[in-house]
Amino acid sequence: MRIIFAGSGEFGIPTLAGLLDAGHEIVLTISQPDRPAGRGRHLTPTPISRLAAERDLRLLKTANLNQEKLPPADLLLVIAFGQKIAPHIVDHAKFKAINLHGSRLPKFRGAGPINAAILAGESISGNTIIRIAPRMDAGAMLRQSSLYIGELETAGELHDRLSADGPALVMDVIQQLEQGKAVETEQDESQASRAPKLSRQSANIDWTQSADRIARQIRGMYPWPGCHVRLMESDECGRATLVRARPVDGGGAPGEIISPDTVATGSGAVQIVEIQPEGKRPMPLRAFANGHPWRIGMRLESI
């Protein structure tokens, strides 16, 4: 099949690579323009742009796809692209346009579906392939998958598993479209929910909240924006990011360390399983405590 691929984030990399390896022709790859990144604020291509360059694909970087002239194609495939697509672009290709979305729609429509699933305490996530519609992520469904969410799984880990789940799902839909066997199912609007784009403020921990909610926030916000903390009684610890936590029994002043690995909350406590010191890799809390101030009675402040 002759495919136009539109994407920006890492989520679409396995699918784009899989399509190429399966022999499909990517007639055009479309991505967002290079953006400043890092401390030096150097212009940096998107992950999809980098893969397109590596695989010698025809690449279009555009801030507005709707103003571009596209080549003939059988299908437009959109994954984590980040632009609203106009009807004339949706209808451009023979089989029109489809989108791979990282949730079991109609749950979690929007920019942050993977984080939202963990924050909401879901036990199952998955991908959905949909038709692109005027309303965000509201198009008819063509295929859906299911993946269990691990007890301590972070949003980053779930992102990678869902990303790896995408290629087989997309290949199946392509085959169904080619054979005229694709079945489109309208979404149940009564079950729809939103997954808005995250901000750094989303990761601020209110220790007066319940342990379950805070544990989900820690996992659901890692690696970005990340729940950053510091020990209020120590200048030696510096900033660290909480990576994994689980709710446990316990009590004390919210934010107070009440055992070697446990912090009190407004209801119960959270066991900090893994933490990432600034500029270093994640490590078990007990390993962190061996080289940093971390004592019962100290208090954690969200920063």
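A salt bridge (Lys or Arg N to Asp or Glu O under 4.0 Å) with Arg244 is found for exactly one of Glu157, Glu151, Glu153, namely Glu157.
Ala264 and Ala253 get closest at one heavy-atom pair: CB-O, 3.4 Å.
Remark: the backbone N or O of Ser199 is paired with a side-chain donor or acceptor of Ser202 at under 3.5 angstrom. His101 places no side-chain N or O within donor-acceptor distance of the main-chain N or O of Ala80, the cut-off being under 3.5 Å. Looking at Arg2, its side chain does come within 3.5 Å of a backbone N or O of Pro72 through a donor-acceptor pair. Judged purely by atom type and a 3.5 angstrom limit, Gln83 uses its side chain to pair as donor or acceptor with the backbone of Leu65. Panel note: side chain Ser8, backbone Phe81; a donor-acceptor pair is recorded below 3.5 Å. Judged purely by atom type and a 3.5 angstrom limit, Asn99 uses its side chain to pair as donor or acceptor with the backbone of Val78. The main-chain N or O of Pro71 is found under 3.5 Å from a side-chain atom of His92 such that the two form a donor-acceptor pair. Distance alone, capped at 3.5 Å, is enough to place a donor-acceptor pair between the Asn66 side chain and the Lys84 backbone. Checking side-chain atoms of Arg143 against main-chain N and O of Asn127 turns up no donor-acceptor pair under 3.5 Å. Panel note: side chain Trp294, backbone Pro260; a donor-acceptor pair is recorded below 3.5 Å.
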Steps toward side-chain contact (heavy atoms from CB on, under 4.5 Å) verdict (His24, Met1): CA-CA 5 Å; His24 293 286; Met1 187 175 281; 3.6 Å; yes
side-chain contact (heavy atoms from CB on, under 4.5 Å) between Met232 and Met298, worked out: CA-CA 7 Å; Met232 295 177 67; Met298 284 183 162; over 6 Å; no
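With respect to Glu189 and Arg109, a salt bridge is recorded, a charged nitrogen being found less than 4.0 Å from a carboxylate O. Using a cut-off of 4.0 Å between Lys/Arg side-chain N and Asp/Glu carboxylate O, Glu256 and Arg299 are scored as not salt-bridged. Salt bridge status for Asp188 with Lys107: absent, with no side-chain N to carboxylate O gap under 4.0 Å.
Cluster partners of Leu152 are Val273, counting Ile, Leu, Val, Met, Phe, Trp and Tyr whose side-chain heavy atoms approach within less than 4.5 Å, directly or via other members.
Gln276 and Tyr222 form a side-chain donor-acceptor contact under 3.5 Å, judged by distance and modelled atom types alone. Looking at Gln144 and Thr128, their side chains do bring a donor and an acceptor atom within 3.5 Å of each other. Using modelled atom types and a 3.5 Å distance limit, the side chains of Ser145 and Asp165 yield a donor-acceptor pair. No hydrogens or angles considered: a donor-acceptor pair under 3.5 Å links the side chains of Thr208 and Asp206. For His228 and Thr241, the side-chain atoms include at least one donor-acceptor pair closer than 3.5 Å. Side chains of Glu68 and Thr62: a donor on one and an acceptor on the other come within 3.5 Å.
Taken together through direct or relayed side-chain contacts under 4.5 Å among Ile, Leu, Val, Met, Phe, Trp and Tyr, Ile98 and Leu28 form parts of separate hydrophobic clusters. A continuous path of hydrophobic side-chain contacts links Ile48 to Ile129 [ILVMFWY only; heavy atoms under 4.5 Å]. A single hydrophobic cluster is seen to contain both Leu60 and Ile132, as judged by linkage of ILVMFWY side chains at heavy-atom distances under 4.5 Å, directly or through other members. Put simply, Ile174 and Ile79 are part of the same group of oily side chains (I, L, V, M, F, W, Y) that touch within less than 4.5 Å, one to the next. Placement of Ile114 and Leu198 in two distinct hydrophobic clusters is found when ILVMFWY residues are connected by side-chain heavy-atom separations under 4.5 Å, directly or transitively.
Crowding of Lys96 atom NZ: a count of heavy atoms from other residues, nucleotides or ligands under 6.0 Å not exceeding 12. Within a 6.0 Å sphere centred on CG of Asp249, heavy atoms belonging to other residues, nucleotides or ligands number 12 at most. Heavy atoms from other residues, nucleotides or ligands lying under 6.0 Å from CZ of Arg104 number more than 12. The 12-atom threshold is not exceeded at NE2 of His42, counting heavy atoms of other residues, nucleotides or ligands nearer than 6.0 Å. Annotation: Glu10, atom CD; neighbour count of heavy atoms from other residues, nucleotides and ligands within 6.0 Å does not exceed 12.
Remark: Leu19 CG to Glu25 CD distance equals 12.0 Å, nearest 0.5 Å. Taken from CD1 in Ile4 to CD1 in Ile26, the straight-line distance is 10.0 Å, to the nearest 0.5 Å. Rounded to the nearest 0.5 Å, atoms CG (Asp261) and CZ (Arg246) are 9.0 Å apart.
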